[in-house]
Amino acid sequence: MSAIESGSAPQRVAVVGAGMVGLATAWFLQERGVQVTVLDRTGVAAGASWGNAGWLTPGITTPLPEPAVLRYGLRAVLSPSSPVYVPPRADARLLRFLAGFARHSTAAKWRTAMQAYIPMNRRAFEAFDVLEAAGVESRTNEAKSFIAAYRTEAERAVLLDELGHIHAAGQEIEFDVLTGAEAREVEPSLSDSIGAAIRLHGQRFINPGEYVHALADAVRARGASLVTGADVVDVRDEGAGVRVVTSAGADERYDAVVLATGTWLGELARRFGVRTVVQAGRGYSFSVAIEHVPAGPVYFPAQRVACTPLGDRLRVAGMMEFRKAEAPLDQRRILAIAEAARPLLRGADLDGRIDEWVGARPCTPDGLPLIGGTRSPRVFAAGGHGMWGITLGPLTGQLLAEQIMTGRQPAELRPFEPLR
Ligand SMILES: Cc1cc2nc3c(=O)[nH]c(=O)nc-3n(C[C@H](O)[C@H](O)[C@H](O)COP(=O)(O)OP(=O)(O)OC[C@H]3O[C@@H](n4cnc5c(N)ncnc54)[C@H](O)[C@@H]3O)c2cc1C
């Protein structure tokens, strides 16, 4: 129950975190007449929401823990140039995360978690369309081509198998199987090393940094205050309201608060009963000039490298590094991504990199986000989307705003209970 417990729906709400998830929640709360304050300790899109690959891909939005990831992960950890990195001396929290992740990496658990994603995936674009129709300035782009490319047919078998599982679970995804030459015809930026490919249909992409800034502008234009440099250190439910305290000593009371702090979710949410570990799965990206800018995302699954056209450049992203979110950018990871992509792309200036970036995917051991109420009727959680917080961010905001204001949990959010 909430809205709020039995009394009235909240009128003043603080959202902590100005990433895709926090800003989308703020926007949809405003739709319902709420006066919103968004607080971020750094600024808009300061976390994972800036340098990610910007794929809006409900057709392949699936839980991260699955049997193949586990097999792959164990092998990969032993290789220094691997796209998955686990520090040799994991701390207790990371060990808890890895143990939970391994426990969830079974075919049966994957199928159950997939059933939680499907209703969300079905509505993911709809939420973007609501934002677009209401004038959020940045647009989503239809992926005119979306190519997963491989050196060999044998490498391709892994994704074909996965697409089979996705389809069997009930998720719609249309695709064609292409030869290397057919793939190059669609996408001339692929090199001669590509010998097999899959073309996915019906997906979209955005420039995520630009999009999230446009969302922030819209939230501001609709009357919210957006406070940057506000490091929230304490949230206290005082019965009649909830206090939000920053490290600079600012102390304000609201009717409710939404914690949308990405990989840092646990820091404030734990005291409200949210026990699921949110672990940083750090990824890297940069952008390069390329002779032929692809008409949509290009994915090299065997190398775990994701490319996205951003204007006249190509963003190249990859790595899953289970380290502290705050650790400095490790230049070796950037070079590993560049070297992995070099033989597979044609005409890409991989030495002329700009915007080198590292950011942390908020990963949960069961691969499901945490969206909904907590032990306090005034404190809500919205985060832990792992690889898919951009695709599912707007819908998360839309559904959570509905729950906060009506006191009823939308059916789609049931599997994502933060107190599970
Ligand atoms: C390399 C890479 C590629 C990716 N590609 C895709 C993709 O193609 N498609 C997709 O859907 N997803 C993708 N993702 C995942 C996606 O980026 C994340 O799931 C998403 O950005 C999470 O958004 P968020 O709003 O929850 O968190 P964030 O964007 O991290 O925002 C959290 C915010 O909270 C603030 N904050 C934290 N603690 C506090 C505090 N105590 N007080 C005040 N502010 C605080 C931070 O400053 C930050 O701005 C990718 C991620 C990476 C790393």
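Just follow the structure's listing: the first ligand is 1, and inside any ligand the first atom is 1. Predicted, not measured: the structure shown is a model, and the values here were computed from it.
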Please determine if Ala18 has a nitrogen or oxygen closer than 3.5 Å to a nitrogen or oxygen of ligand 1.
no
Atom 42 (N) of ligand 1: nearest protein contact (heavy atom, Å):
Val232 N, 2.9 Å
Ring center gap for Tyr117 and Trp388 short of 6.0 angstrom:
no
Ring of Phe286, cation from Arg353 - is the NZ or CZ under 6.0 Å from the centre and inside 45° of the axis?
yes
Hey, would you say the Phe128 and Tyr211 ring centroids sit under 6.0 Å apart?
yes
Report yes or no: does Gly359 have a heavy atom closer than 4.0 Å to ligand 1?
yes
Looking only at N/O atoms, are Ala382 and ligand 1 under 3.5 Å apart anywhere?
no
Does an N or O anywhere in Ser49 fall below 3.5 Å from an N or O of ligand 1?
yes
Quick one: look up the protein heavy atom nearest atom 20 (C) of ligand 1 and list residue, atom name and how far away it is.
Gly389 CA, 3.8 Å
Filtering Ala230, Gly19, Pro362 for the heavy atom nearest atom 22 (C) of ligand 1 leaves Pro362
Less than 6.0 angstrom from the centroid, inside 45 degrees of the normal: does Arg315 satisfy that with respect to the ring of Trp50?
yes
When you measure from atom 4 (C) of ligand 1 to every protein heavy atom, which one gives the shortest distance, and what is it?
Asn52 CB, 3.2 Å
Would you say Asp40 touches ligand 1, if touching means a heavy atom closer than 4.0 Å?
yes
Using a plain distance cutoff, I'd like to know if Ala53 has any nitrogen or oxygen under 3.5 Å from a nitrogen or oxygen of ligand 1.
yes
Does NZ or CZ of Arg41 lie under 6.0 Å from the centre of the six-membered ring of Trp264, at an angle within 45° of the ring axis?
yes
Relative to ligand 1, is Ala306 under 4.0 angstrom through side chain, backbone, both or neither, heavy atoms considered?
neither
In the protein, what heavy atom is nearest to atom 44 (N) of ligand 1, and what distance, to one decimal place, separates them?
Arg41 N, 3.0 Å
Test ring-ring contact (aromatic ring centres under 6.0 Å, His included) on Tyr150 and Tyr299; report intermediate values, then the result.
CA-CA 9 Å; Tyr150 303 86; Tyr299 180 26; 7.9 Å; no
Treating Ser189 as the side-chain partner and Leu345 as the backbone partner, does any N or O pair qualify as donor plus acceptor under 3.5 Å?
no
So with a 6.0 Å cut-off around NE2 of His201, is the heavy-atom count from everything else above 12?
yes
Counting only N and O atoms by type, is there a donor-acceptor contact under 3.5 Å from the side chain of Ser193 to the main-chain atoms of Pro343?
yes
Do any N/O atoms on Thr391 end up under 3.5 angstrom from N/O atoms on ligand 1?
yes
Side chain, backbone, both or neither: the part of Trp55 lying under 4.0 Å from ligand 1 by heavy atom:
both
Would you say ligand 1 has an N or O under 3.5 Å from any N or O of Gly283?
no
Keeping to residues at least two apart or across chains, list the salt bridge (charged side-chain N to carboxylate O under 4.0 Å, His left out) pairs with something in residues 274-287.
Arg282-Glu321
Heteroatom distance test (Ile390, ligand 1): nitrogen or oxygen, under 3.5 angstrom:
yes
Can you tell me if Gly386 has a non-hydrogen atom under 4.0 Å from ligand 1?
yes
For the residue pair His165 and Trp110, categorise the inter-ring angle as parallel (less than 30°), tilted (30 to 60°) or perpendicular (more than 60°).
perpendicular
In the structure I gave you, are the side-chain heavy atoms of Leu370 and Thr364 within less than 4.5 Å of one another anywhere?
yes
Which option wins on minimum heavy-atom distance to atom 45 (C) of ligand 1: Leu265, Thr261, Thr396?
Thr261
I'd like to check whether Ala48 has a polar contact with ligand 1, where a contact means an N/O of the residue lying under 3.5 Å from an N/O of the ligand.
yes
Is it the side chain (CB and beyond), the backbone, both or neither of Leu23 that lies under 4.0 Å from ligand 1, heavy atoms counted?
neither
Any N/O pair Met387/ligand 1 closer than 3.5 Å:
yes
So, Gln409 versus Glu417: side-chain donor-acceptor pair below 3.5 Å or not?
yes
Any N or O on Val21 sitting closer than 3.5 Å to an N or O of ligand 1?
yes
